[in-house]
Amino acid sequence: MSAIEIVPIPCLRDNYAYLVLAGEGAYVVDPSEPGPVLAALDARKRPLVGIFATHHHPDHVGGVDGLLGRWPGAFVAGHARDRGRIPRQTHFVDAPRDRYVPTGLHVDGIEVLALHIPGHTLGAIAWYLPPDDHRPGDVFTGDTLFAAGCGRLFEGTPEMMFTSLRTLCNLPDETRLWFGHEYTAANLAFAATVEPDNPAIAERRAHLPSCTTPTTVALERATNPFLRAENPEVLARIRAAKDAFRG
Ligand code: ZN
Ligand code: FE
């Protein structure tokens with residue numbers, strides 16, 4: 001029997017690292033900085049088994065060294081494209097762009113799947129814990145998909161981001177999406193300018209908690225203008241408008 005618990009850990013200014021408690025051990029997704037993550041692990045008295053990085057940016061891997069200082073045997077998994085960019089990486093997962101594939105990495109008996117999601121960076125990867133009897137599926141999206149938004153195109157093209165968002169969300173409605181930054185209020189303010197007549201966006205804006213992670217596939221299909229863009233050209237236009245947006 002597996003009972004997986006996922007705990008968001010606020011880091012830096014608006015980052016989320018995630019603690020995944022499974023069986024006797026713990027895993028961390030995107031440790032932005034060591035302090036809050038070490039505190040969360042200590043509070044639960046769980047040893048760190050491994051780290052999953054969604055991409056190489058310092059606000060997602062800045063805590064790797066500090067965590068390995070305490071648990072030198074923990075694995076560090078990232079996409080194969082990020083070789084040399086993720087500190088202390090031990091697992092180089094060569095996930096494809098068109099489907100989630102098994103990684104050989106397990107979290108309390110559940111095999112983690114992965115999908116290559118370039119756009120924000122070229123090595124971005126989504127980590128997917130498929131559903132079991134106790135929970136819906138869970139995906140860690142990093143800075144590719146945010147609630148009602150997407151990451152800036154630092155390395156990839158609009159076509160890449162378009163395909164990545166579509167494939168990332170090609171999962172059941174109730175699948176939970178755990179993202180890298182608390183940008184949701186600003187994203188929804190922008191989304192409302194893209195789709196002023198979309199009642200789902202207005203509704204979501206009106207009832208926004210301070211911590212909005214996780215979102216779901218269904219909620220993003222209803223309110224995320226980047227996921228709703230019908231083609232890469234439209235996504236590029238919306239992305240350019242968002243980059244210039246001062247809500
Ligand atoms: Zn980033
Ligand atoms: Fe980030």
Side-chain angles (χ1 to χ4, degrees), residues 6-20 27-37 40 51-67 76-89 92-93 95 97 114-128 138-165 167-169 177-188 190 210-215 220 224 226-227 235-236 238-240 242-243 245 247:
I6 299 172
V7 184
I9 308 168
C11 288
L12 304 174
R13 216 167 72 124
D14 48 33
N15 276 83
Y16 288 119
Y18 294 100
L19 191 57
V20 180
Y27 303 78
V28 172
V29 180
D30 282 2
S32 316
E33 53 177 340
V37 181
I51 295 170
F52 294 92
T54 62
H55 64 296
H56 72 288
H57 282 160
D59 61 313
H60 298 258
V61 297
V64 168
D65 275 325
L67 292 174
V76 180
H79 197 273
R81 284 279 323 226
D82 271 345
R83 183 181 288 273
R85 306 208 292 184
I86 292 173
R88 319 270 297 265
Q89 188 174 357
F92 304 86
V93 177
R97 285 182 66 191
L115 171 74
H116 187 200
I117 48 168
H120 177 65
T121 68
L122 292 177
I125 188 169
W127 303 106
Y128 175 36
D138 289 295
V139 184
F140 298 95
T141 68
D143 290 356
T144 301
L145 180 141
F146 297 127
C150 77
R152 284 178 186 264
L153 301 178
F154 285 126
E155 297 179 351
T157 64
E159 186 282 328
M160 283 179 182
M161 182 59 88
F162 178 81
T163 303
S164 292
L165 292 175
T167 314
L168 178 65
C169 287
L177 306 171
W178 306 82
F179 46 87
H181 291 267
E182 183 58 61
Y183 292 158
T184 310
N187 284 345
L188 283 169
F190 173 73
S210 57
C211 172
T212 62
T213 191
T215 180
E220 292 314 304
N224 190 318
F226 299 94
L227 183 59
L235 184 145
I238 300 174
R239 188 60 256 177
K242 176 68 167 68
D243 291 345
F245 181 70

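Positions are given from 1 along the sequence. Start at 1 and go down the list; that is how both ligands and their atoms are numbered.
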Short N/O/S contact of Asp143 with the Zn ion (ligand 1) (below 2.8 Å): yes
Atom name, His57 (N, O or S, nearest to the Zn ion (ligand 1)): ND1
Side-chain ion pair, Glu159 and Arg97, N-O less than 4.0 Å: yes
Candidate list Thr144, Thr121, Asp143, test side chain to side chain donor-acceptor pair (under 3.5 Å), partner His55, passing option: Asp143
His55 N/O/S atom closer than 2.8 Å to the Fe ion (ligand 2): no
Angle at the Fe ion (ligand 2) (to 10°), with one arm to OD2 of Asp59 and the other to NE2 of His181: 80°
Smallest separation among heavy atoms of Asp59 and Leu12, with atom names: CB-CD1, 3.7 Å
Metal proximity, His60 vs the Zn ion (ligand 1), N/O/S cut-off 2.8 Å: no
Check: His56 ring centroid to His79 ring centroid under 6.0 Å: no
Residue Asp143 atom name (nearest to the Fe ion (ligand 2); N/O/S): OD2
Three-point angle His120:NE2, the Zn ion (ligand 1), His55:NE2, rounded to the nearest 10°: 100°
Verdict with reasoning, Trp127 to Phe52, per ring-ring contact (aromatic ring centres under 6.0 Å, His included): CA-CA 8 Å; Trp127 303 106; Phe52 294 92; 5.0 Å; yes
Heavy-atom pair with the smallest gap, counting every atom of Cys169 and Leu227: SG-CD2, 3.7 Å
